[in-house]
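What follows is one structure encoded as structure tokens, with my remarks underneath.
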Amino acid sequence: MTHRIAGRMTPPPTLVLATRSPSRAAQLTAAGFAFEQVDPPFEDPDQPGQSSPPELEARALAGQKALSVYELTATGAVILSADTIVITSDNLHVGKPVDAEDARSMLEALIVKPHRILTGVAILLADRMLFAHEEAVIDMAPPSREALDAYVASGRWRGAAGGYRLDDLKELGWSTTTSLDPVGGLPITRVTSMLADLGVYPNG
């Protein structure tokens, strides 16, 4: 889509996805967006803080990822980033597992009771930063011991908040329900609306 300014057509801004997440890239692609993906130099901690409200923590981490590639805005690019925090039924903020044992412990804790998943979004254009977040309640039916063992051995937990991605669990046949889908990688409906406000639209 192009825009008409003072009688001439101008191309839309370049969209840059500032995250190494393949699932977020897949969501943007499925939604019809053309974008470049970069690995932001900002390294978010494996474990989020516990004192701040999780929505502020997720937004702040997403914002820091976006700002770490701020130089790309000099070309007029729109920078999109996100960060996800999982919140247990005991209100513990859970980040990414550091190893297989940590992944197993996280999953065993999350399977017991429904938990929350919260994704913060930051979109940066020049000196303007937009923030949003979405939250969902996730309920997992306990898998068999064999299924849990196989999942941990697969390594799919690497880089995933709470040790899992919903799409992976669904693909493996785990029974999961969510109050808002999708939300874990990107709350794509909210993101699409925010990008439209900045002149970035899906192709076609």
Side-chain angles (χ1 to χ4, degrees), residues 13-28 33 35-74 77-98 102-103 106 109-110 115-138 157-166 178-198 200:
T14 299
L15 176 61
V16 175
L17 178 63
T19 170
R20 62 182 64 87
S21 167
S23 59
R24 289 180 179 133
Q27 281 182 273
L28 271 187
F33 287 97
F35 62 95
E36 300 172 8
Q37 187 171 15
V38 300
D39 190 353
F42 174 74
E43 290 284 347
D44 54 320
D46 287 330
Q47 299 305 318
Q50 302 296 325
S51 57
S52 299
E55 62 271 18
L56 296 184
E57 181 85 5
R59 286 182 177 211
L61 291 171
Q64 289 178 76
K65 287 180 185 177
L67 286 170
S68 71
V69 293
Y70 178 79
E71 70 276 3
L72 296 178
T73 64
V78 173
I79 313 297
L80 166 65
S81 192
D83 199 88
T84 298
I85 294 175
V86 173
I87 305 105
T88 69
S89 58
D90 297 326
N91 208 36
L92 177 67
H93 303 176
V94 178
K96 304 168 187 175
V98 296
D102 195 25
M106 283 185 182
L110 296 174
H115 61 279
R116 294 181 290 150
I117 182 170
L118 190 147
T119 294
V121 172
I123 300 179
L124 175 64
L125 175 60
D127 294 326
R128 181 184 181 192
M129 179 88 83
L130 304 179
F131 291 99
H133 70 273
E134 293 279 9
E135 182 176 322
V137 176
I138 311 294
W157 48 266
R158 291 188 176 91
Y164 74 91
R165 298 177 181 88
L166 276 175
T178 175
S179 62
L180 179 64
D181 189 17
V183 71
L186 284 173
I188 197 67
T189 300
R190 177 70 67 88
V191 166
T192 298
S193 176
M194 294 170 71
L195 289 174
D197 289 342
L198 298 176
V200 180

Contacts of S179 meeting side-chain contact (heavy atoms from CB on, under 4.5 Å) (sequence neighbours excluded), chain-then-number -> A136, V137
Can you name the residues that form a side-chain hydrogen bond (donor to acceptor under 3.5 Å, both in side chains) with S81, not counting sequence neighbours? none
Residue set satisfying ring pair (Phe, Tyr, Trp, His ring centres under 6.0 Å) with H93, at least two apart, ordered chain then number -> none
For G185 against A82, the heavy-atom pair lying closest together: O-CB, 4.1 Å
With rounding to the nearest 0.5 angstrom, report the CD1 to CD distance, I188 to Q27. 5.5 Å
Note, R165 side chain near T84 side chain (heavy atom, < 4.5 Å): no
Between L80 and F35, is there a side-chain heavy-atom distance shorter than 4.5 Å? no
Smallest separation among heavy atoms of P40 and A18, with atom names: CG-O, 3.6 Å
Under the salt bridge (charged side-chain N to carboxylate O under 4.0 Å, His left out) test, residues paired with R190 that sit two or more places apart: E134
Taking the side chain as every heavy atom from C-beta outward, state whether L15 and L28 have any atom pair closer than 4.5 Å. yes
Side chain proximity check, L17 to F33, heavy atoms < 4.5 angstrom: no
Of all residues at least two apart in sequence or in a different chain, which pass the side-chain hydrogen bond (donor to acceptor under 3.5 Å, both in side chains) check with T88? none
Sequence neighbours left out, what pairs pass salt bridge (Lys or Arg N to Asp or Glu O under 4.0 Å) with at least one residue falling in residues 83-92? K65-D83
Say you draw a straight line from OH of Y164 to CG of L110; how long is it, rounded to the nearest 0.5 Å? 6.0 Å
So, taking the atom named CD in Q37 and the one named CZ in R20, what distance separates them when rounded to the nearest 0.5 Å? 10.0 Å
Considering residues at least two apart in sequence or located in another chain, which fulfil the side-chain contact (heavy atoms from CB on, under 4.5 Å) criterion with A58? I85, L118
Applying side-chain contact (heavy atoms from CB on, under 4.5 Å), can you list everything that pairs with L67, at least two apart in sequence or on another chain? Y70, L124, M129
Quick test of your reading: applying salt bridge (Lys or Arg N to Asp or Glu O under 4.0 Å), list the pairs with at least one residue in residues 118-131, sequence neighbours left out, ordered by first then second residue. none
Side-chain contact test, heavy atoms from C-beta onward, threshold under 4.5 Å: evaluate it for L198 versus L130 and give yes or no. yes
Take V69 and F42, measure what side-chain contact (heavy atoms from CB on, under 4.5 Å) needs, and give me the verdict at the end. CA-CA 9 Å; V69 293; F42 174 74; over 6 Å; no
From E57 atom CD to I87 atom CD1, the distance as rounded to the nearest 0.5 Å: 10.5 Å
Could you list the residues that satisfy side-chain hydrogen bond (donor to acceptor under 3.5 Å, both in side chains) with S23, not counting sequence neighbours? S21
Pairing residues for T14 by the side-chain contact (heavy atoms from CB on, under 4.5 Å) criterion, not counting sequence neighbours: V16, E36, A77
If you compare all heavy atoms of A62 against all heavy atoms of G120, which two are closest, and at what distance to 0.1 Å? CB-O, 3.7 Å
Which pair of non-hydrogen atoms, one from P187 and one from T119, has the smallest distance, and what is that distance? CD-CG2, 3.8 Å
Applying side-chain hydrogen bond (donor to acceptor under 3.5 Å, both in side chains), name anything that partners N91, two or more places apart in sequence or on another chain. R116
